[in-house]
2 protein chains.
Amino acid sequence: MWHDGRVTTTPDLRAAVGQATTAPGDAGLARRQSGARAVYDLLRGRIIDGSLAPDARLTEPVLSAELGVSRTPVREALRLLQAEALVVELPTGGVRVAPLDVADARRVYDVRARLEGLLARDACERATPDDVARLVRLVTLMDAVRDHEDEVLRVGAQFHGEIEALADNRWGSALLRQIRGHVDRYRALAARRRVGTTDHVDEHRAVADAIASRDPAAAEAAMRAHIERSAALAEQSLRGVGSATDDLP
Amino acid sequence: MWHDGRVTTTPDLRAAVGQATTAPGDAGLARRQSGARAVYDLLRGRIIDGSLAPDARLTEPVLSAELGVSRTPVREALRLLQAEALVVELPTGGVRVAPLDVADARRVYDVRARLEGLLARDACERATPDDVARLVRLVTLMDAVRDHEDEVLRVGAQFHGEIEALADNRWGSALLRQIRGHVDRYRALAARRRVGTTDHVDEHRAVADAIASRDPAAAEAAMRAHIERSAALAEQSLRGVGSATDDLP
DNA sequence: CACTGCGCACTTGTATACAAGTATCGGTCG
DNA sequence: CGACCGATACTTGTATACAAGTGCGCAGTG
């Protein structure tokens, strides 16, 4: 499955398009689920989880046929993915799934560290006492579930989401969203080979404490340090998985 | 012209499409100048320079007619602009030129400061003695032309481009490109009302010195400080131009 | 005169048709 | 047997046709 260039197993693709991943939380946006969006969501998920292999060529006609839509929405979805750099343009004009360059993962995390650091700073400058209390509560909760890694991850995501919401920084959020797909992709790749873990609880607590102390610079530094430790861990986990991405010449 | 929602004057639009802004420096990329790209370049330029007013509604049929191409490339160009946030989606599905929110300019510069800071750090870690010499030479050149503001700006752009090239950080560059249009847009808006200037020469020299000293953290800090001073200047210049953007309710 | 209901014109989203360029594969020739 | 050449099939890019949903305006009415 990993090396197969096409959409394998063909499971309810046509069903997925037209309904797509309708997250229950999106109650606010009553968007007309344009088929292009559905195709985009589908392909994006498959690229991130690896069922669409790196370097796999994606052509509009075969995607059209397999998904049961015309080329138009497929084309639009591919352009969206291209803007997100999840697919790269071939010299001839087509696209292929972006290669997995493990060395580049570091770069993704570097950028993420700066952006999330900025958001932490902004959050610190805007947080009300109630907000601070909520962050502290999340850290306490994380501590309580610290033995269940997936729970820790879930609470962690919630923590970061809270920071992002507090920051209310449109540009920071937009750019973070731009690279989130790649972060998730590397994370999915490293998931199988986790070699260790940092102390998520303490690192998050450091961020929360800095915000509680109303020290924006400290908040930024703590968040940045946290992401950079995550980066080091991911890098360590990824080292050696190159054997699973034998696509580069 | 400022308040007119449509493409005014209609000067050689059809001529522009099909040839487009073929920058002489783009010799490396022998891209088939797809009409969609030409439309994108054209609209992007008009949004940045203000000839397409903020909040102006852009509809595919009229753009098609005025540019002499079908809706397909127009649609694609609009989606690219949307991904870049230079146009925003209307609830009904159409798009309009992104409003000019002066308060948001600060956010753009904040993000830019982090990204360029990261690039300066990376550049510092990779620069060869020759590279350092080139940067120093640019600062010297900037000093020599310090009385001609446009020349200073030109050399400054070259300096930043050199840093970016040295950094060789795909993600930093990609995200920087994402917001460059907005930076240019605010800069164009502020150009008419420049109220002062920071000492570009000294600020750039600080960056070059840090890199020459092989101090990545200092390079990052110097670049970040430089951008933040530019931000303060732009903010100051922009204050009061709200009268020129009387579009919000 | 204000309000309500209908109808039109316009918009986007999708599908399909057409043109042009390119890589590939087979055949043929040296 | 290898290399070159031509034709074919496939790709993207563009144009056009069709369908559906939405807002706006106008007329009629209380």
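Remember, it's a predicted structure, so these values are computed and weren't measured experimentally. Below, chain A is the first sequence line, B the second, and so on; all start at residue 1.
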Calculate the interatomic distance between [X] atom [atom1] and [N] atom [atom2]; express it in whole Å.
X       : N      : atom1 : atom2 : answer
B:Leu90 : C:dT12 : CG    : C1'   : 12 Å
A:Glu60 : C:dT16 : CD    : C1'   : 14 Å
B:Leu63 : C:dT11 : CG    : C1'   : 13 Å
B:Arg75 : D:dT14 : CZ    : C1'   : 14 Å
A:Leu58 : D:dT12 : CG    : C1'   : 14 Å
A:Arg57 : C:dA23 : CZ    : C1'   : 9 Å
B:Arg96 : C:dT12 : CZ    : C1'   : 17 Å
A:Arg71 : C:dA15 : CZ    : C1'   : 11 Å

Measuring from the side chain of A:Ser34 (C-beta onward, heavy atoms only), which nucleotide among C:dT14, D:dG23, D:dT14 has the closest atom? C:dT14
Out of C:dT11, D:dT16, D:dT11, which has the shortest distance to the side chain of A:Val62? D:dT11
Per nearest nucleotide of DNA chain D, the residue lying toward the 5' end, B:Ser70 or A:Thr59, is A:Thr59
Would you tell me whether B:Asp130 and B:Thr128 have side-chain atoms, one donor and one acceptor, within less than 3.5 Å of each other? no
My understanding is that only residues two or more places apart in sequence, or in another chain, count here; which of them pass ring-ring contact (aromatic ring centres under 6.0 Å, His included) with B:Phe159? B:His204
Can you list everything that forms a side-chain hydrogen bond (donor to acceptor under 3.5 Å, both in side chains) with A:Asp110? Sequence neighbours excluded, please. none
Quick one: is C:dT14 close enough that its OP1 or OP2 comes under 4.0 Å of any side-chain N or O from A:Thr72? no
Considering residues, nucleotides and ligands other than B:Arg177, do more than 12 of their heavy atoms fall under 6.0 Å from its CZ? no
Could you say whether A:Pro73 or B:Pro61 is positioned toward the 5' end of DNA chain C, judged by the nucleotide with the nearest heavy atom to each? B:Pro61
